[in-house]
Undergrad: 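Structure incoming, see below.
In this text the structure is predicted, and so the values were computed from the model without any measurement.
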Amino acid sequence: MTAVPLPGELTLVDDRARRILDAAVRLAETGGFSAVRLRDVAQASGVALGTVYKRFRSKEDLLVGVLSLELVGLRERFASEPLQGETRLERLVQCFAALTETLCARPHLGRAVIRSAATGENALAERLQRFHTALMELIVGAIRGRDDGPVSALELDRLAVLEDVWFSRLVGWTGGLLSPEMVVDQVARAARLLYRDDGDA
């Protein structure tokens, strides 16, 4: 069976796979991701059930596929419309705001993503780790700017901390404790603390 494509591979996904992923998103937002069945996805996408199983072996595979496709969309967006902040800190806050908006715009799907990541299921662990690497690459590329220099080891450590803060706040959003705006605000506050000693950050 074909493995679920991840960022960097999704640019080569055919129209049929995209139709499957689009149908999964529509169904998830209608009745929640837990209610999504591959048979329903096949019917909604107009694709044979065997074809769906060939590309996506489970609902979890669909989840990672949809998430990866969203990341590719953000990568293309940042490439065509680079973040406009004067400093890396400003661009970093804008980047996490865009990530949060993308994830929370489809709340049923977004909550399913966060819950799956939080459970640490073995079936998803490897794919989510690869997704984490792709996410870090996206953030680094977004904050550097067109003519900016390399990202230091210290800055990579800071970004890893911010990802952890972001994820923990998204868990709060999943539980109804935080709004998307509060998630962005708290990540921004953490970023300012981490970068406060950098006069040109």
Side-chain angles (χ1 to χ4, degrees), residues 1-80 96 98-142 163-164 166-168 170-176 180 183:
M1 293 183 180
T2 303
V4 175
L6 285 160
E9 302 169 347
L10 275 172
T11 52
L12 303 177
V13 166
D14 57 39
D15 289 340
R16 187 172 297 177
R18 286 179 182 269
R19 280 163 50 197
I20 293 170
L21 294 174
D22 288 342
V25 170
R26 291 196 305 272
L27 291 171
E29 288 309 305
T30 299
F33 190 77
S34 61
V36 173
R37 300 183 305 172
L38 293 184
R39 183 177 302 277
D40 296 331
V41 172
Q43 183 176 4
S45 63
V47 173
L49 181 59
T51 301
V52 174
Y53 274 111
K54 182 178 180 180
R55 288 166 167 78
F56 305 99
R57 291 167 290 191
S58 65
K59 290 198 302 183
E60 288 74 24
D61 280 359
L62 278 173
L63 188 65
V64 175
V66 170
L67 190 59
S68 300
L69 195 58
E70 293 286 354
L71 196 61
V72 169
L74 273 176
R75 187 173 63 194
E76 293 172 349
R77 170 182 160 187
F78 291 158
S80 61
F96 274 103
L99 289 167
T100 304
E101 178 185 6
T102 298
L103 197 60
C104 298
R106 295 171 174 146
H108 287 300
L109 181 68
R111 289 188 175 96
V113 168
I114 299 305
R115 287 169 181 155
S116 294
T119 58
E121 297 173 5
N122 290 335
L124 283 175
E126 181 182 351
R127 289 188 177 93
L128 288 174
Q129 180 56 43
R130 291 169 61 196
F131 178 81
H132 166 80
T133 301
L135 178 61
M136 181 66 79
E137 291 173 355
L138 172 74
I139 295 170
V140 168
E163 272 199 65
D164 288 344
W166 182 56
F167 180 77
S168 70
L170 285 172
V171 170
W173 166 74
T174 299
V183 172

Undergrad: Which atoms form the tightest heavy-atom contact between A42 and A48, and what is the distance?
TA: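 In this case the closest contact between A42 and A48 is CB-C, 4.2 Å.
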
Undergrad: Going by side chain to side chain contact (heavy atoms under 4.5 Å, CB included), V36 matches just one of K59, E29, R26. Which one?
TA: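 Output: one option passes, namely K59.
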
Undergrad: Is atom CD of E163 surrounded by more than 12 heavy atoms (other residues, nucleotides or ligands) closer than 6.0 Å?
TA: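 Check passes, neighbour count above 12.
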
Undergrad: With rounding to the nearest 0.5 angstrom, report the CG to CD1 distance, L109 to I114.
TA: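 Taking CG in L109 and CD1 in I114, the distance rounds to 10.0 Å.
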
Undergrad: To the nearest 0.5 Å, what is the distance between CG on L71 and OG on S68?
TA: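 Reported value, rounded in 0.5 Å steps: 7.0 Å.
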
Undergrad: To the nearest 0.5 Å, what is the distance between CG (D40) and CG (L49)?
TA: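 Going from the CG atom of D40 to the CG atom of L49 covers 10.0 Å.
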
Undergrad: Take V47 and R55, measure what side chain to side chain contact (heavy atoms under 4.5 Å, CB included) needs, and give me the verdict at the end.
TA: CA-CA 11 Å; V47 173; R55 288 166 167 78; 6.0 Å; no

Undergrad: List the steps, then state whether side chain to side chain contact (heavy atoms under 4.5 Å, CB included) holds for L21 with V41.
TA: CA-CA 8 Å; L21 294 174; V41 172; over 6 Å; no

Undergrad: Any chance you could measure S45, atom OG, to L38, atom CG, to the nearest 0.5 Å?
TA: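 Between S45 OG and L38 CG, I get 10.0 Å after rounding to 0.5 Å.
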
Undergrad: Would you mind writing out the side-chain donor-acceptor pairs for residues 100-108 within the sub-3.5 Å range, not counting sequence neighbours?
TA:
unit_1	atom_1	unit_2	atom_2	d
T100	OG1	F96	O	2.7
T100	OG1	W166	NE1	2.8
T102	OG1	A98	O	2.9
R106	NH1	E70	OE2	2.0

Undergrad: Output yes when a side-chain donor or acceptor of R19 lies under 3.5 Å from a complementary backbone atom of G46, and no otherwise.
TA: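 Side chain of R19 to backbone of G46: a pair is present.
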
Undergrad: Measure the spacing between CG of L62 and CG of L69 and express it to the nearest 0.5 Å.
TA: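 The CG atom of L62 sits 12.0 Å away from the CG atom of L69.
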
